[in-house]
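Only heavy atoms go into these numbers, but all of them, side chains included; no hydrogens, no water, no symmetry mates. Residues: numbered from 1 along the sequence shown. Counting starts at 1 for both ligands and their atoms, following the listed order.
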Amino acid sequence: MIDQSAPTPGPDSLGTLAILWHGDRLALLDQRLLPDQEVWLTYQDPQGVADAIRDMVVRGAPAIGISAAYGVVLAAIQARVQDDWKTVIGEAIDVLAASRPTAVNLFWALERMKTRLQACQAPDEAIASLTGEAEAIHAEDVAANRLMGRHALSIMEEAPFSVLTHCNTGALATGGYGTALGVVRSLWHANRLKRVYADETRPWLQGSRLTAWELQQEGIPVTLNADSAAAQILRQGEVRWVIVGADRITANGDVANKIGTYSLAILARHHGVRFMVVAPSSTVDMALLSGADIPIEERDGTEVRAVRGVAIAPGKVPVYNPVFDVTPAELVDAIVTEKGVIEKPDAEQMTAMFGRR
Ligand SMILES: CSC[C@H]1O[C@H](OP(=O)(O)O)[C@H](O)[C@@H]1O
């Protein structure tokens with residue numbers, strides 16, 4: 001169920017840009033239409049939220065988990081009058097889990113909701129308990145992002161410097177404030193940032209359409225660059241850190257993130273630029289031993305053959321469109337979560353900080 005007539009809501013206390021919960025309906029900023037249109041879509045059913053995640057109305061590892069959690073609450077509200085209410089909600093969780101495969105935050109959030117559901121004995125109790133859990137997941141994410149900003153600054157130079165980032169990892173990709181862009185915000189507010197180079201991030205253009213828009217909204221100096229210009233930028237020496245997000249970090253410190261991250265890590269190492277991954281601990285999957293085990297989403301070839309419906313390639317040319325890649329831990333200089341910083345990550349340090357699964 002999508003209601004485009006819903007009024008455009010203002011920013012809420014969580015500082016979110018993309019997700020607004022109204023107690024019995026979820027409003028999502030349609031990120032497919034940014035930067036030129038700000039359209040909010042309203043959902044009252046879990047299937048609609050699952051479709052929104054699959055179709056990237058909402059995207060970004062933490063934002064996907066938060067939206068799915070609210071989708072479970074919508075399922076509980078719908079199932080309230082049904083005798084098999086607990087089964088119906090469980091089925092909705094399965095539908096939400098099938099929306100996208102790579103960001104572990106989706107499954108982490110749904111596991112928290114499933115645990116809450118199992119303890120409930122009546123539908124009204126389930127609605128209240130699941131609502132509390134979804135709102136907690138949302139609030140915890142914003143708090144984690146602000147903490148990561150502080151942790152990251154503790155290992156970075158005091159004097160102002162420039163950074164390069166990939167994809168969008170800001171308030172549009174999270175519950176608010178952002179992961180890698182949260183570090184950018186923290187640097188900016190500490191007067192330690194010269195400028196941000198933002199990779200356009202083909203094919204979905206999260207960088208040109210979302211990051212450039214998000215940073216310009218706050219007056220943070222951003223320079224947009226073609227993905228293929230990143231090597232030249234790193235060679236010039238102004239950039240001291242490449243800072244990216246993550247969709248899944250495995251027990252040995254390997255990192256799955258937006259396609260193009262792996263090549264950035266190689267470029268950064270070649271040019272002596274440090275490479276930082278910023279993600280909440282809900283992105284860490286200690287059950288997977290290495291990045292080889294991470295399911296990598298492949299999306300339709302139309303995302304590469306056309307932009308906004310305008311063909312930029314022959315209509316039937318075969319396309320290979322993996323939308324994530326895996327950066328090996330040895331190319332990562334620092335992993336920053338709300339629990340702290342791991343420099344030169346390896347399995348031993350990951351276990352010490354996150355425990356075994
Ligand atoms: C703050 S995590 C954002 C993370 O999610 C993005 O993927 P997508 O836009 O396809 O959901 C990308 O990997 C970002 O690093």
Can [X] be said to sit on top of [Y]'s aromatic six-ring, NZ or CZ under 6.0 Å from centre and within 45° of the ring axis?
X	Y	result
R146	Y177	yes
K339	F354	no
R209	W204	yes

N or O contacts of ligand 1 with protein under 3.5 Å, please list pair by pair.
{"from": "ligand 1", "atom 1": "5 (O)", "to": "D247", "atom 2": "OD2", "distance (Å)": "3.3"}
{"from": "ligand 1", "atom 1": "9 (O)", "to": "R59", "atom 2": "NE", "distance (Å)": "2.9"}
{"from": "ligand 1", "atom 1": "9 (O)", "to": "R59", "atom 2": "NH2", "distance (Å)": "3.2"}
{"from": "ligand 1", "atom 1": "9 (O)", "to": "Q206", "atom 2": "NE2", "distance (Å)": "3.0"}
{"from": "ligand 1", "atom 1": "10 (O)", "to": "R100", "atom 2": "NH2", "distance (Å)": "2.9"}
{"from": "ligand 1", "atom 1": "10 (O)", "to": "K258", "atom 2": "NZ", "distance (Å)": "2.7"}
{"from": "ligand 1", "atom 1": "11 (O)", "to": "G60", "atom 2": "N", "distance (Å)": "2.8"}
{"from": "ligand 1", "atom 1": "11 (O)", "to": "R100", "atom 2": "NH1", "distance (Å)": "3.0"}
{"from": "ligand 1", "atom 1": "13 (O)", "to": "D247", "atom 2": "OD1", "distance (Å)": "2.4"}
{"from": "ligand 1", "atom 1": "13 (O)", "to": "N257", "atom 2": "OD1", "distance (Å)": "3.2"}
{"from": "ligand 1", "atom 1": "13 (O)", "to": "K258", "atom 2": "N", "distance (Å)": "3.1"}
{"from": "ligand 1", "atom 1": "15 (O)", "to": "N257", "atom 2": "OD1", "distance (Å)": "2.5"}

Distance-only side-chain donor-acceptor flag, S162 / E238, under 3.5 Å: yes

Which other residues belong to the hydrophobic cluster containing L205, where Ile, Leu, Val, Met, Phe, Trp and Tyr are joined when side-chain heavy atoms lie under 4.5 Å apart, directly or via other members? V307, I312

Any non-hydrogen side-chain atom of L96 less than 4.5 Å from a side-chain atom of L110? yes

